[in-house]
Amino acid sequence: MEKGQRNRVGHFDVLRGIGIVLMIMGHVSFGAAFSKYIHAFHMPLFFFVSGYFHKGEKYVKSIDFIIQKAKTLLIPYTVFVCICQVLHYIYTGTYSITYFFVSYFSSNHNRIDVAGAYWFLLCLFTAEIIFYFIQKLMFREEIKIIVIISITLIGNFMPIKLPLCLDSAMSCMFIMYLGYLMRNYKTTKMVSNLLNIKSAMFVILFVINILLIFLNGNVNIRTNDYSIVPLFWISCIGAIVCYINLSIKIESAKNVFFIYFAKVLKYIGKNSLVYLVLNEMMIFFVNSILSFLGIDFMNSGEVLWYVNKILVFTICMILLWISVEIFDRTKLKVFLGKF
């Protein structure tokens, strides 16, 4: 077994898989209510996971950590941003070098319809670097907590967008820190109880969390909008706790269906980078093909509208699975920062 496989945590792969599926469903667009719900937590969830697996302490030299994160995050970010620029030119016949440089160093990829998710890679790189230096320079835990909360609040209330997604990265410091704390204190009774909520209480908390999310306004990490900040944090953390419990329950279930379901989610979670960088391309491609074939239920009533969305989602997931296999079996994996 490879080292990377030995170090995997099964329910976190399930958790990543759930997050990726929700992200793709959001990009397919299953309605405003669904979009509002997932935006409250599905991207912070990935920052939480990154905090849990943060291993900055094993790097003696800071430059080695930066290079490693650049390889795994900035290489795929750069490659696929450039690919999308080329595809945009082929499709529209227009191009702006100014827009390319502005969008590359920011989260503004709106002009390129299939590049909307790439901001996350740049934001995560920035967040990882900030978190690394906080861990490296702050030796006392009390000071570290004050610094992290301060940086988070500054990010939450930042009135303008900053280069390198710095505002969004700052806003996610606290959630990364919670992930880091969970790893360090996973054997304690408090964390153990938090991750093993009984089914009846889990359902109650899940419902309450949904209500809190819809009580708040619209949330979007990319644009750094949180509506009522305290309510955002309560509902966001609550949702992450709920979905970690759900992931544990799915992975530990003995039912044949859930065993297979867990395997699928783990597969998606392990290959989340491919799903992230290609999902909007696939959605655009599938929608274009269906439109060309005249298969369009968008204006045929609510039921057929959902049929269309489910069809697009299903075909995209199949194409993404094929893409993962191609990347995994060929030298194309270098585009993902895998050497």
Side-chain angles (χ1 to χ4, degrees), residues 7-23 37-57 124 127-128 131 134-135 141-142 144-149 151-153 156 171-216 219 221 226 228-255 258 261-262 265-266 269 272:
N7 291 336
R8 303 205 74 90
V9 180
H11 61 268
F12 270 99
D13 280 329
V14 173
L15 185 64
R16 284 193 188 97
I18 292 173
I20 288 293
V21 169
L22 292 176
M23 179 197 72
Y37 173 68
I38 64 171
H39 272 78
F41 67 89
H42 80 305
M43 297 316 287
L45 182 151
F46 289 103
F47 287 97
F48 180 90
V49 173
S50 295
Y52 185 92
F53 289 103
H54 182 83
K55 298 289 186 180
E57 61 274 7
L124 183 57
E128 288 273 17
F131 192 72
I134 291 174
Q135 294 292 105
E141 204 66 28
E142 299 86 352
K144 188 187 301 181
I145 292 172
I146 293 172
V147 169
I148 287 174
I149 292 176
I151 290 175
T152 300
L153 291 175
N156 287 159
S171 295
C172 293
M173 280 300 99
F174 185 62
I175 205 71
M176 287 188 73
Y177 184 59
L178 289 181
Y180 181 81
L181 288 179
M182 177 172 284
R183 186 193 77 197
N184 289 346
Y185 295 97
K186 61 185 176 182
T187 58
T188 63
K189 185 176 180 180
M190 183 181 73
V191 174
S192 179
N193 290 337
L194 197 63
L195 300 182
N196 292 279
I197 299 174
K198 300 298 182 181
S199 296
M201 181 57 67
F202 169 76
V203 172
I204 294 171
L205 291 177
F206 204 93
V207 172
I208 292 174
N209 185 251
I210 292 174
L211 295 175
L212 289 175
I213 287 173
F214 282 97
L215 184 63
N216 196 14
V219 170
I221 304 296
Y226 305 96
I228 304 172
V229 172
L231 188 54
F232 159 71
W233 279 111
I234 293 170
S235 58
C236 176
I237 295 170
I240 290 173
V241 170
C242 285
Y243 276 95
I244 292 176
N245 275 270
L246 179 61
S247 301
I248 293 172
K249 293 178 188 300
I250 290 173
E251 196 209 11
S252 61
K254 303 303 180 183
N255 179 277
F258 282 106
F261 187 45
L265 289 174
K266 285 180 182 179
S272 56

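Keep in mind that the numbers below use all heavy atoms, side chains included, and drop hydrogens, waters and symmetry copies.
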Heavy-atom side-chain contact between [X] and [Y] under 4.5 Å:
{"X": "Cys236", "Y": "Ile240", "result": "yes"}
{"X": "Met182", "Y": "Phe48", "result": "yes"}
{"X": "Leu45", "Y": "Leu22", "result": "no"}
{"X": "Val241", "Y": "Leu205", "result": "no"}
{"X": "Met23", "Y": "Ile38", "result": "no"}
{"X": "Ser171", "Y": "Ile221", "result": "no"}
{"X": "Cys172", "Y": "Met43", "result": "no"}

Of the non-hydrogen atoms in [X] and [Y], which two are nearest, and what is the gap between them?
{"X": "Val14", "Y": "Ala262", "result": "CG2-O, 4.1 Å"}
{"X": "Asn209", "Y": "Ile234", "result": "ND2-O, 4.3 Å"}
{"X": "Asn245", "Y": "Ile197", "result": "OD1-N, 2.9 Å"}
{"X": "Ile213", "Y": "Ala40", "result": "CG2-CB, 3.6 Å"}

Nearest-0.5 Å distance that lies between atom [atom1] in [X] and atom [atom2] in [Y]:
{"X": "Ile248", "Y": "Asn196", "atom1": "CD1", "atom2": "CG", "result": "5.5 Å"}
{"X": "Ile208", "Y": "Leu215", "atom1": "CD1", "atom2": "CG", "result": "12.5 Å"}
{"X": "Asn193", "Y": "Thr188", "atom1": "CG", "atom2": "OG1", "result": "8.5 Å"}
{"X": "Leu246", "Y": "Ile244", "atom1": "CG", "atom2": "CD1", "result": "11.0 Å"}
{"X": "Asn184", "Y": "Tyr52", "atom1": "CG", "atom2": "OH", "result": "9.0 Å"}
{"X": "Leu212", "Y": "Ser235", "atom1": "CG", "atom2": "OG", "result": "6.5 Å"}

Checklist entry - Who passes ring-ring contact (aromatic ring centres under 6.0 Å, His included) against Phe261, sequence neighbours left out? => result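 Once residues adjacent in sequence are excluded, the partners of Phe261 under the ring-ring contact (aromatic ring centres under 6.0 Å, His included) criterion are Phe257.
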Checklist entry - Does Tyr37 have any ring-ring contact (aromatic ring centres under 6.0 Å, His included) partners at least two apart in sequence or in another chain, and if so, which? => result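 Phe41.
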Item to check | Selection residues 48-57 - residue pairs positive for salt bridge (Lys or Arg N to Asp or Glu O under 4.0 Å), sequence neighbours left out | outcome: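 Non-adjacent pairs meeting salt bridge (Lys or Arg N to Asp or Glu O under 4.0 Å): Glu57-Arg183.
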Item to check | Contact list for residues 206-216, test salt bridge (Lys or Arg N to Asp or Glu O under 4.0 Å), sequence neighbours left out | outcome: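 Counting only pairs at least two positions apart or across chains, no salt bridge (Lys or Arg N to Asp or Glu O under 4.0 Å) contact touches residues 206-216.
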Checklist entry - Does the side chain to side chain contact (heavy atoms under 4.5 Å, CB included) test come out yes or no for Ile175 and Ile237, once each step is laid out? => result CA-CA 8 Å; Ile175 205 71; Ile237 295 170; 4.0 Å; yes
For [X], enumerate each residue passing the side chain to side chain donor-acceptor pair (under 3.5 Å) test, keeping only those at least two apart in sequence or located in another chain.
{"X": "His54", "value": "Glu128"}
{"X": "Lys186", "value": "none"}
{"X": "His42", "value": "none"}

Checklist entry - Tell me the ring pair (Phe, Tyr, Trp, His ring centres under 6.0 Å) pairs involving residues 171-203, sequence neighbours left out? => result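 Listed by first then second residue: Phe131-Tyr180, Phe174-Trp233, Phe202-Phe206.
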Next on the checklist: As a quick check of understanding, evaluate side chain to side chain contact (heavy atoms under 4.5 Å, CB included) for Leu124 and Phe46, giving each step before the final call.
Outcome noted: CA-CA 9 Å; Leu124 183 57; Phe46 289 103; over 6 Å; no
Contacts of type side chain to side chain contact (heavy atoms under 4.5 Å, CB included), residue [X], not counting sequence neighbours:
{"X": "Ala127", "answer": "Phe47, Ala169, Met173, Met176"}
{"X": "Leu153", "answer": "Ile149, Asn156, Phe157"}
{"X": "Val219", "answer": "Asn216, Tyr226, Phe232"}

